[in-house]
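Report on the following structure.
Excluded from the calculations below are hydrogen atoms, water molecules and symmetry mates; all remaining heavy atoms, backbone and side chain alike, are included.
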Amino acid sequence: QSAIRSVFCGNLELCSWALSDAFVGDSFVCIEVLDELQSLELQRRGTFRRLEADFDVISKVMSLWAFHQRQTLEDNEPAKSSSLPVLKKAASLLQGVLVKLLPGRLLERLEEFQESEVLVRIALAAVHNNAQLRLQLAVNYADNNVIAVMVACMVLLLRGYETEGAADAADSEVEVAFQLLGDDKLPADGWSYTSYCLDVCLHVLSH
């Protein structure tokens with residue numbers, strides 16, 4: 001473990017490469033790299049912003065998530081899958097990166113990933129749990145597109161409930177994956193995230 005960590009220690013470019021290349025299927029390496037990136041942000045403030053600006057880390061982690069979500073759900077015992085800890089670490093890293101982005105950049109990323117329910121959920125949870133970020137988005141509504149982004153997020157979240165009903169929607173792969181995360185800040189049901197959107201809209205109306 002220490003040998004693997006030493007390879008990636010302090011090297012953002014190598015860590016970024018590892019998340020999107022040959023090591024994507026190696027749960028052990030992925031966990032070590034994700035841990036190293038979290039550690040670097042604690043050591044050097046601004047690491048997360050640099051990761052996003054220079055290495056498009058959000059896109060890389062989303063690709064990583066897609067692979068390990070599939071591996072987890074295909075496992076005979078998903079809760080014991082070696083890919084599940086990767087999902088937990090990836091969710092934690094994404095939350096950390098998203099709250100460090102400037103509000104305008106956060107909205108841009110949400111627009112770019114408006115068809116990704118995973119990222120939309122994680123971003124909305126990050127906003128919900130960060131009062132300062134929520135306030136910044138709301139007070140600058142005249143200069144940003146926060147309302148349009150929140151509406152688009154709600155459309156995505158509600159889409160799964162519009163045809164087959166809530167029972168089938170609850171069985172979606174994303175909801176199962178989030179249930180397996182076992183993180184109170186990332187509820188499994190889609191309705192919680194819809195309420196987060198409405199909460200932002202209420203903040204806008206209050207300004």
Mind checking what makes side chain to side chain donor-acceptor pair (under 3.5 Å) contact with K60, not counting sequence neighbours?
none
For E77, all residues meeting side chain to side chain donor-acceptor pair (under 3.5 Å), sequence neighbours excluded
K80
Considering residues at least two apart in sequence or located in another chain, which fulfil the ring pair (Phe, Tyr, Trp, His ring centres under 6.0 Å) criterion with Y196?
H128, Y193
List in chain and number order the residues that pass side chain to side chain donor-acceptor pair (under 3.5 Å) with Q132, two or more places apart in sequence or in another chain; answer none if no residue qualifies.
none
Taking every non-hydrogen atom, the tightest pair across V86 and C30:
CG1-CB, 4.1 Å
May I ask you to decide if T47's main-chain N or O and E41's side chain share a donor-acceptor pair within less than 3.5 Å?
yes
Those residues that, when tested against N11, pass side chain to side chain donor-acceptor pair (under 3.5 Å) (two or more places apart)
none
Indicate whether any N or O donor in one side chain lies under 3.5 Å from an N or O acceptor in the other, for S81 and Q71.
no
Shortest non-hydrogen pair, V146 vs V204, comes out as CG1-CG2, 4.1 Å
Return the minimal non-hydrogen interatomic distance between C15 and V33, and the atom names on each side.
O-CG1, 3.6 Å
D54: partners by salt bridge (Lys or Arg N to Asp or Glu O under 4.0 Å), with sequence neighbours left out:
R50
For N140, check side-chain contact (heavy atoms from CB on, under 4.5 Å) against everything at least two apart and list the hits.
N144
Output all residues satisfying salt bridge (Lys or Arg N to Asp or Glu O under 4.0 Å) with K89, sequence neighbours left out; order by chain, then residue number.
D35
Taking the side chain from R49 and the backbone from K100, do they hold a donor-acceptor pair closer than 3.5 Å?
yes
T194 side-chain N/O to G190 backbone N/O, donor-acceptor pair under 3.5 Å:
yes
N129 side chain vs A125 backbone, donor-acceptor pair below 3.5 Å
yes
Can you name the salt bridge (Lys or Arg N to Asp or Glu O under 4.0 Å) partners of D183, sequence neighbours left out?
none
Same apolar cluster (I L V M F W Y, side chains within < 4.5 Å links), L14/L19:
yes
Would you be so kind as to tabulate the donor-acceptor pairs closer than 3.5 Å made by side chains of residues 61-70, with sequence neighbours excluded?
| from | atom 1 | to | atom 2 | distance (Å) |
| --- | --- | --- | --- | --- |
| S63 | OG | S59 | O | 3.3 |
| W65 | NE1 | Q69 | OE1 | 2.8 |
| H68 | ND1 | S83 | OG | 2.8 |
| H68 | NE2 | V24 | O | 2.7 |

Under the ring pair (Phe, Tyr, Trp, His ring centres under 6.0 Å) definition, can you give me all pairs with a residue in residues 29-58, not counting sequence neighbours?
none
Compile the donor-acceptor pairs under 3.5 Å between side chains in residues 112-120 and protein atoms, sequence neighbours left out, one pair per line.
| from | atom 1 | to | atom 2 | distance (Å) |
| --- | --- | --- | --- | --- |
| E112 | OE1 | R109 | NH1 | 2.3 |
| E115 | OE1 | R159 | NH1 | 3.0 |
| S116 | OG | L119 | N | 3.3 |
| E117 | OE2 | R121 | NE | 2.9 |
| E117 | OE2 | R121 | NH2 | 3.2 |

